[in-house]
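The structure under discussion appears below in the form of structure tokens.
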Amino acid sequence: GKVRAPTHIISTISDERGEEPCYAGVPMSSIVEQGYGVGDVISLLWFKRSLPRYCTHFIEICIMLCADHGPCVSGAHNTIVTARAGKDLVSCLVSGLLTIGPRFGGAIDDAARYFKDAYDRGLTAYEFVEGMKKKGIRVPGIGHRIKRGDHRDNRVELLQQFARTHFPSVKYMEFAVQVETYTLTKANNLVLNVDGAIGSLFLDLLAGSGMFTKQEIDEIVQIGYLNGLFVLARSIGLIGHTFDQKRLKQPLYRHPWEDVLYTK
Ligand code: ACO
Ligand code: LMR
């Protein structure tokens with residue numbers, strides 16, 4: 001028989017060798033003809049399956065809501081400074097992206113990990129938050145620099161409203177809300193933030209859609225797919241900030257002396 005030379009790469013999400021490229025086995029013509037959106041493409045390339053419309057719509061809402069949050073956040077700030085240093089689009093983009101992490105935009109996976117573990121172990125919100133405090137770990141998905149208990153993050157409310165209407169179950173989200181209710185008794189800025197909302201709601205999406213086995217959900221949470229949503233979304237805004245600075249012909253940025261405490 002034929003002897004197959006061993007390959008150096010294994011790839012399972014796409015194939016461009018035939019008449020037309022396929023994403024997870026779905027040809028490009030079907031993607032276009034069936035009116036698929038970016039949520040469907042993410043489902044195919046990240047999760048290797050077509051998800052129900054309410055799931056792909058939820059993914060698209062996450063992308064739209066996280067696309068930008070003004071010029072003052074870490075990512076946009078870095079991008080603006082880089083654009084003003086005369087750098088190219090990719091440099092401006094990655095400079096902003098590099099700020100995404102445990103404090104800014106990249107707390108979604110950890111929020112999902114901790115909320116899932118606590119809920120599945122039957123912890124109360126009180127036991128969970130106090131347990132985290134004992135370990136000296138800030139609760140991922142809780143806390144915001146400008147949002148408050150009396151000035152909530154509208155993006156969180158929009159995601160919750162959508163899920164309450166369309167998801168079969170929102171048990172992880174309800175747990176996250178109980179956590180928030182408790183943390184708000186400690187300080188007014190300890191709201192459920194957009195990372196925590198997406199992290200908990202994505203658990204509900206994975207568990208409630210009937211499209212994933214328990215092992216697959218564990219793998220998704222353990223590998224950490226969900227920060228990808230913020231990275232992808234915020235790239236849209238960072239690219240916008242790059243164009244904005246270049247359009248405005250902004251000069252090299254230098255931080256004002258008055259805003260630095262020089263001390264020994
Ligand atoms: N869990 C428990 N306690 C907290 C948390 C939290 N998530 N956040 C703040 N606190 C408490 C701590 O006691 C903290 O004191 P410490 O510095 O001794 O730990 C105290 O509040 C003061 O915190 P602030 O100064 O109000 O918060 P800060 O502005 O430094 O941080 C931040 C804001 C980074 C968002 C923080 O709340 C945090 O780390 N949250 C967890 C990570 C997270 O979810 N990030 C995503 C934010 S949303 C986004 O970026 C799109
Ligand atoms: C964001 O979406 O960038 C934020 O929630 C962070 C911020 O401080 O506004």
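As the structure lists them, so they are numbered: ligands from 1, and atoms in each ligand from 1.
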Ligand 1: which protein N/O atoms lie under 3.5 Å from its N/O atoms?
from	atom 1	to	atom 2	distance (Å)
ligand 1	1 (N)	Val139	N	2.9
ligand 1	7 (N)	Val139	N	3.4
ligand 1	7 (N)	Val139	O	2.8
ligand 1	7 (N)	Ile142	O	2.7
ligand 1	17 (O)	Arg138	NH2	2.7
ligand 1	19 (O)	Arg138	NE	3.2
ligand 1	19 (O)	Arg138	NH2	3.2
ligand 1	26 (O)	Asn189	ND2	2.6
ligand 1	29 (O)	Arg145	NE	2.8
ligand 1	31 (O)	Arg138	NH1	3.4
ligand 1	37 (O)	Ile142	O	3.4
ligand 1	39 (O)	Arg138	NH1	3.1
ligand 1	40 (N)	Ile142	O	2.8
ligand 1	44 (O)	Gly141	N	2.8
ligand 1	44 (O)	Asn193	ND2	2.8
ligand 1	45 (N)	Arg103	O	3.0
ligand 1	50 (O)	Gly105	N	2.8

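- Met173 places a side-chain heavy atom less than 4.5 Å from the side chain of Gln160.
- Taking 4.5 Å as the limit, every side-chain heavy atom of Val179 sits out of range of all side-chain heavy atoms of Leu192.
- Ile10 forms part of no hydrophobic cluster, judged by ILVMFWY side-chain heavy-atom separations under 4.5 Å.
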Report, one line per pair, each donor and acceptor closer than 3.5 Å where one atom sits in a side chain of residues 24-38; sequence neighbours left out.
from	atom 1	to	atom 2	distance (Å)
Ser29	OG	Glu20	OE1	3.1
Ser29	OG	Glu20	OE2	2.7

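- Contact residues for ligand 2 (protein heavy atom closer than 4.0 angstrom to any ligand atom): His69, Val73, Phe104, His144, Arg155, Arg234.
- A continuous path of Ile, Leu, Val, Met, Phe, Trp and Tyr side chains, each step under 4.5 Å between heavy atoms, connects Leu206 with Leu45, placing both in one hydrophobic cluster.
- Under a hydrophobic-cluster definition in which Ile, Leu, Val, Met, Phe, Trp and Tyr are linked whenever side-chain heavy atoms come within less than 4.5 Å, directly or via other members, Leu93 and Val81 are assigned to different clusters.
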Do Tyr119 and Phe128 pass the ring pair (Phe, Tyr, Trp, His ring centres under 6.0 Å) test, and can you show the C-alpha distance, the side-chain angles, and the key distance before you say yes or no?
-> CA-CA 9 Å; Tyr119 179 88; Phe128 169 56; over 10 Å; no
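- The backbone N or O of Gly143 lies less than 3.5 Å from no partner atom in the side chain of Asn189, so there is not a single donor-acceptor pair.
- The main-chain N or O of Gln250 is never found under 3.5 Å from a side-chain atom of Arg84 such that the two would form a donor-acceptor pair.
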